[in-house]
Amino acid sequence: GKLRQYAQWCFDNCKCTKVSSRLFPPSSVEIAAMRRLGTIVCRFFFLDGRTKAIDVHPTDTAADAVVKLAEKLNLTNTEGWAIFQSRPDGEEHIKSFDYLYDIIAAWELKQVKSQTISNANRKVANCSGSGENRFVFKKRLFKSTRELSQDPVEVNLLYAQAVYSVVKCDEFPVSEKVALQLAGLQAQVALGDPSNQPKLEYYNDINNFLPERISKTREQQFWIPILAQAHRQYGASRNELTAKVLYLSCVMQYPLYGTTMFNVIYKGYWNHVNNIIFGINYEGIMFIQPEDKYILYQFKYSDIESIMLDPSDSFITITLNRQIHDRQISKQSEKVVNVTIEAQRCFVLETSQKNEIGSLIISYYPSLSNWIMNNFEISRKTKGITNEDRTRLYQNVVLCRRQLVDLEVLRRPQEASGGFFRNTLRKLSKHRLEKLRAEEGSNVQEHGETYKGFHHSFWAFSRQQISQSLSRITDQDEAIMLQVFQAILTYSGLGISGDTIQRAEDEHVTIVQSIMDKCMRKESLINELYLQLIKQTTDHPDPNSRVNLRHWALLSLACSVVLPPVKSIRKYLIGHLKRCASDYITEEGKFARFAEKCFFKTQGTRRRQWPPSREEILCTVNRRPCYARFYFMDGQFYSIEFHPSSTALEVMEIIKRKIGLQQNSMGYAIYEVLGNTERSLLFEEKLADVMAKWEKYRNASQQGLLATPSLSGNTCRHSHYMFLFKKHLFFDDYINLDDPVEKELLYHQVLHSLRSERFPISEIEAIMLTALQGQLETADCGEVIRDYRVIASHCLPPRFVPNIPHEAVAMHHQSLRGMLPAEAKKSFLNLIQSWPLHRATIFDVMQSFTSNWPRILWLAVDQNGIHLLEHRSRNVLCTHDYESIISYSPNMNSLMIFTGTEKKQSKVILSTSQAFQIATLIKEYSEIVKTRKTISQMII
C-alpha cells in the first residue's frame with residue numbers, strides 16, 4: 001500500500017549524489033508534494049513575459065533545471081545560460097549547485113518572518129507573497145559577444161534579453177534615431193507587417209518600445225505616429241526571425257553588449273561622480289558613467305592582482321597590478337587610447353551585490369577566485385613534503401625539547417608511572433608485566449625515547465588537568481597557571497572529568513580574554529602559557545576534532561598578541577609550528593601555517609598593553625585578519641583588514657593604497673576619536689591594542705551606567721570610538737595640491753576646521769566662502785535668490801549660519817557664473833591660504849599667568865613654532881620658534897612650556913585637557929625641524 005510506495009520512493013532517491021547537501025528545512029509546498037509522493041511544478045519566466053512550467057525534483061539543482069528547460073525549449077547549447085531568482089529586493093543568480101527546493105524554502109522563511117514582524121499586513125502578504133518571487137531564465141555569461149547563434153531558439157531568447165536591456169534597463173547609449181530603428185524592428189516582431197494596417201492604439205504603450213530616457217522627451221500623443229512611421233520604415237516586409245537578427249546585430253555593435261552592470265558607489269576621491277556603474281564582461285571589468293554610459297576606465301582580468309570582499313561591510317576592493325594600462329575611449333576622437341595609471345591601484349566599491357559581483361568575475365576568470373578562500377590559505381605552488389622532511393622537522397622538535405631540559409627551564413614531572421609499577425608489582429603476573437613493558441617500549445619507539453625522566457606524555461596532549469606547572473615558576477605563579485590550564489580545557493570543551501560541555505560564544509570570548517589578561521603581563525607566565533598550548537596541540541589523536549582546533553585557535557591568538565621571551569621556548573614554538581605546518585591535509589595544518597604567519601608578524605613589534613578585544617578574538621580563531629572602519633573628514637569610511645600586530649604606520653600605507661593617495665605623500669596620521677577628543681596614534685602603536693582599550697572603556701562605561709542610571713547621557717556621549725584618517729603635519733613640502741586625492745582630503749579637512757571654529761573669518765570672508773561652496777554644490781546661481789543657510793552650514797561655524805546675508809551671497813555667487821567645480825575649489829583653498837597660520841593646528845587653552853592677555857586663548861602649532869592668539873582672532877600675542885623652546889611638560893589638565901635661553905628663561909602655563917596631544921605635536925614638529933637643520937649644516 002502507501003507504506004510500500006513511500007519505501008520505494010526512498011529507495012529510488014537514496015542513491016542521488018550531489019556536491020552539497022540541502023541548506024534549509026523543507027517548505028510547506030514541498031511537504032504537501034511529498035505527501036502525495038509528487039514533485040513541485042515550478043514556473044520559469046523569460047524576459048519577453050513568456051513562461052514555462054517544469055517538474056522539479058527535490059534533488060534537482062539549478063544546473064538540472066537548466067537542462068530540463070533546454071529540453072523543453074529545444075535549446076541546443078546551454079553554455080552561459082542560468083537561472084536567477086527575482087525577489088522584491090532585487091535579482092540574484094542561483095548557483096548551479098544550489099537546490100531549487102532550498103530557494104523556495106528560503107522564500108517561505110523570509111515571507112513568514114516578514115509576516116511575524118507586521119501581523120497587521122498579514123492578508124496583504126499572503127495574497128502577494130507568492131507572486132513577488134520568481135525564477136527567471138536568461139543568459140549570464142557572454143563569451144563570444146560579436147557572433148550570432150545559429151540556433152533560432154537561442155536567437156529568440158537573446159532577442160528578448162536585448163529588448164529588455166535596451167527598453168527596460170537602458171543599458172546602452174542609444175540615440176533617438178537608433179532607438180526608433182530598434183522600435184520599428186520590435187514592432188515588426190510584436191505586431192506583424194505594417195501592411196496589415198495595425199491600429200494606432202497598438203503603439204500606445206510607448207515604454208514597451210522606447211527607453212524612458214527618450215520617451216519622456218515628448219508627450220505620448222506625439223510618439224504614437226512616430227512609432228507607426230518607424231514600423232513602416234524599418235520593419236516592413238521582414239519576417240520575424242530576420243527582424244530579431246537585425247535587432248541583435250544592431251545592439252551587438254555597442255561595446256557594452258554582453259556586459260553585466262551593477263550600480264555601485266566608488267569610495268574614493270577622483271574627478272568623476274561617485275555613483276557609477278560597474279560592468280563585467282568576458283574581457284574584464286569597467287567603470288561606466290551612468291548618464292551617458294561613457295566608459296571611464298576599463299581593465300582586463302590579467303591587469304587585476306586580487307579582489308577582496310569585505311566580511312563586515314558591503315565593500316568590494318579591486319587591486320590592480322603595478323603596471324597596468326587602462327583602455328579608455330576618448331569622447332572627442334572615439335579612438336582607444338592607453339592611459340597609464342600610476343597612483344590609482346586600488347578601487348573600493350560599495351554595493352549590496354558584492355557576492356554577485358565576485359562570483360561573476362570568477363565565472364569569467366577563475367584565477368581570481370582567492371577571495372572565496374581564507375586570506376592566508378591562498379593556493380600557491382609548494383614544494384612537496386617528503387618523509388625525510390617530516391623526519392627532519394620532528395628531530396628538530398626533539399632537539400628543542402632536550403635543550404629545554406638541559407637548560408633546566410622545565411619542572412621535572414612526578415614519577416607517576418614508576419609508582420604505578422611499584423605499587424602493583426605483586427598483583428601483576430609475569431605475562432601481564434611483559435605486555436605492559438612491550439607497550440611502553442612501542443611508545444618509546446613511536447614518539448622518541450624518554451630523555452632525563454621527561455616522557456612523551458609530558459609533551460603531548462592531555463585530556464586531564466595537569467598536577468604541576470610545566471616550567472619552573474614560583475608557587476604563586478603555579479597556582480595561577482593551573483587555573484589557566486583548566487580554563488584552556490574548558491574553552492576547548494573538556495570539563496574537569498573529560499566531559500564535553502557547551503558554552504555560548506560570549507562566554508568563550510570571556511575565557512580567552514581572562515587567559516590572556518592573566519599571562520601577558522609577566523614573562524614567566526607567558527612562557528608557561530606557551531608550553532601548555534604547545535602541549536595541547538601536540539599529537540592529538542584526532543587532528544580535525546573541535547577540541548584540537550580550539551587549542552590551535554588559542555595558540556594562533558597568543559602568537560598574534562605576545563611571544564615567549566625565553567629564546568629556547570621561542571625556538572621550540574617555531575619548530576612545533578613548522579612541523580605541524582607541513583601537514584597540508586588536515587585543519588590542524590592550516591592553523592599551524594596561520595599561527596606561524598602570526599608569529600613572524602608579531603616578532604620585533606611593540607609589546608601589547610591590553611588583552612585582545614572580542615572582534616580580534618573572533619577574527620583570529622577563524623583565521624581571518626582583524627578589521628575596522630576608518631573614517632575621513634567628509635564622513636566617508638573604509639573597512640580595512642589588517643593583522644593583529646599591524647602598526648598604525650602599516651595600516652596607514654594600506655589606506656593610502658585604497659584611496660589612491662600617492663605613496664610618497666607625508667604628514668598623515670591615524671587618529672583615535674573618543675567622544676569629543678582625538679589623539680594621533682604613534683606610528684609604532686598597534687591598532688588592535690587600541691580597539692582592545694576601547695572595549696575595556698566601553699565595558700567600564702556600561703557597568704557604571706548600570707550602577708548609576710542617571711549618567712546615561714554622559715555614558716552614551718563618551719562611548720563613541722572610531723579611527724580617523726587625516727593630515728597631521730603641515731610642512732610646505734608635505735603638501736601636494738597637484739595630487740587630486742590629497743587636494744580633496746585637505747579641502748574636507750579645511751571645511752571641518754571652519755565648521756568647528758578653528759579658523760578666524762570675517763563677515764565678508766563668510767559671504768565669499770558660502771558663495772564658492774554654493775558654486776561647488778549647485779553650479780551657477782539662478783534668477784531667484786535661494787536660502788543659503790544649508791550651504792553655509794557646510795562651510796561656516798553654526799553661529800554664522802542663521803545670520804548669513806542671502807542677498808550678498810547671491811550677488812557674489814552670480815559673479816562666479818561659469819566657474820567649474822575644480823576652479824571653485826581652488827579659489828576656496830586660496831582664500832583660506834590668505835591667513836599665514838592656515839596650516840596650524842589650533843587648540844583652545846586658558847592662561848592665568850598674566851592679566852595683559854585674555855583668559856581664553858588659542859594655541860597654534862605649525863612648522864615654524866607655537867603661537868598664542870586671542871580666541872577666535874587673527875591677533876597673534878606671541879610666537880616662539882622651536883629653537884627657543886627649552887622644554888615642555890604636560891600633565892592631565894595643564895601644559896608648562898619653558899622658552900628663551902639657558903640664561904634667561906620664561907615660563908608659559910596653559911590649562912587644557914589636550915596637553916599630551918599638544919606636547920606630542922610639538923615634539924614631532926621640533927624633531928623634524930632639528931633633523932632638517934642638521935642635514936643642511938652637513939651639506940654646507
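Residues: numbered from 1 along the sequence shown. This structure is a prediction, so every number in the text was calculated from the model and none was measured.
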For residues Glu132 and Trp107, is any side-chain donor paired with an opposing acceptor at under 3.5 Å? no
Pair Asp89, Lys110 - check salt bridge (Lys or Arg N to Asp or Glu O under 4.0 Å), show working. CA-CA 12 Å; Asp89 58 346; Lys110 193 167 185 179; 3.0 Å; yes
Partner set under salt bridge (Lys or Arg N to Asp or Glu O under 4.0 Å) for Glu92, not counting sequence neighbours: Arg87
Do Asn208 and Lys168 have side-chain N/O donor and acceptor atoms under 3.5 Å apart? yes
Distance (rounded to the nearest 0.5 Å) between Arg22 CZ and Tyr99 OH: 8.0 Å
Please check if the side chain of Gln220 supplies one atom and the backbone of Asn204 the other of a donor-acceptor pair under 3.5 Å. yes
Please check if the side chain of Tyr164 supplies one atom and the backbone of Tyr159 the other of a donor-acceptor pair under 3.5 Å. no
Just how far is it from atom OG1 of Thr78 to atom CG of Leu69, taken to the nearest 0.5 Å? 10.5 Å
Candidate pair Ile288 and Tyr297, rule side chain to side chain contact (heavy atoms under 4.5 Å, CB included), full reasoning: CA-CA 7 Å; Ile288 305 164; Tyr297 299 118; over 6 Å; no
Do Tyr269 and Asp634 have side-chain N/O donor and acceptor atoms under 3.5 Å apart? yes
For a quick check under 3.5 Å, do Arg43 and Thr51 share a side-chain donor-acceptor pair by atom type? yes
Does a donor on one side chain and an acceptor on the other come within less than 3.5 Å for His93 and Glu356? no
Any donor-acceptor N or O pair under 3.5 Å, side chains Glu283, Asn281: no
Is there side-chain contact between Thr319 and Cys346, with heavy atoms separated by less than 4.5 Å? yes
Are Lys139 and Glu154 close enough for a salt bridge, meaning some N to O gap below 4.0 Å? yes
Does Thr61 reach the main-chain N or O of Ser96 with its side chain, forming a donor-acceptor pair under 3.5 Å? yes
Is a donor on one side and an acceptor on the other found under 3.5 Å between the side chain of Thr242 and the backbone of Arg238? no
Once rounded to the nearest 0.5 Å, what's the spacing between atom OG of Ser367 and atom CD1 of Ile362? 10.5 Å
Applying salt bridge (Lys or Arg N to Asp or Glu O under 4.0 Å), name anything that partners Asp98, two or more places apart in sequence or on another chain. none
Could you tell me whether Lys354 and Asp310 have a side-chain N and a carboxylate O separated by less than 4.0 Å? no
Residue of the set Thr260, Leu349, Val264 for which side chain to side chain contact (heavy atoms under 4.5 Å, CB included) holds with Ile357: Val264
Decide whether Ser359 and Lys95 meet the rule of one side-chain donor and one side-chain acceptor closer than 3.5 Å. no
Any Leu73 side-chain heavy atom under 4.5 Å of Trp81 side chain: no
Face-on cation placement of Arg50 at Phe46 ring, 6.0 Å and 45° thresholds: yes
Under 3.5 Å, is there a donor-acceptor pair between the side chain of Trp223 and the main chain of Ser215? yes
For Asp55, does its backbone N or O pair with a side-chain atom of Lys68 as donor and acceptor, under 3.5 Å? yes
Okay, side chain of Tyr101, backbone of Ile40: is any donor-acceptor separation there less than 3.5 Å? yes
Taking side-chain hydrogen bond (donor to acceptor under 3.5 Å, both in side chains) as the test, write out the residues that go with Gln353, two or more places apart. none
Side chains of His231 and Tyr203, donor plus acceptor under 3.5 Å: yes
Give a yes or no answer on whether the side chain of Asp303 reaches the backbone of Lys300 with a donor-acceptor pair at less than 3.5 Å. yes
In plain terms, say whether Arg218 and Glu176 are close enough for a salt bridge, that is, a side-chain N and a carboxylate O under 4.0 Å apart. yes
Is the closest basic N to carboxylate O distance between Glu91 and Lys138 below 4.0 Å? yes
May I ask you to decide if the ring planes of Trp270 and His272 are parallel, tilted or perpendicular, using 30° and 60° as cut-offs? perpendicular
To the closest 0.5 Å, what do you measure between NZ (Lys72) and CD1 (Ile54)? 7.5 Å
Would you say the side chain of Gln85 lies within less than 4.5 Å of the side chain of Val136, judging by non-hydrogen atoms? no
What distance separates Glu108 CD from Ile103 CD1, expressed to the nearest 0.5 Å? 13.5 Å
Side chain of Asp151, backbone of Thr76: donor and acceptor closer than 3.5 Å? yes
Tell me if the centroids of the rings in Phe44 and Phe135 come within less than 6.0 Å of each other. yes
May I ask you to decide if the ring planes of Phe172 and Tyr257 are parallel, tilted or perpendicular, using 30° and 60° as cut-offs? tilted
Taking the ring of Phe287 and the ring of Phe347, is the distance between their centroids below 6.0 Å? yes
Step through it carefully: locate the ring centre of Phe637, locate the ring centre of Phe632, and say whether they are under 6.0 Å apart. no
For residues Val153 and Asn74, report the shortest heavy-atom separation together with the two atoms involved. CG2-O, 3.7 Å
Side-chain donor or acceptor of Gln161 paired with backbone N/O of Leu157 under 3.5 Å: no
To the closest 0.5 Å, what do you measure between OG1 (Thr317) and CE (Met308)? 4.0 Å
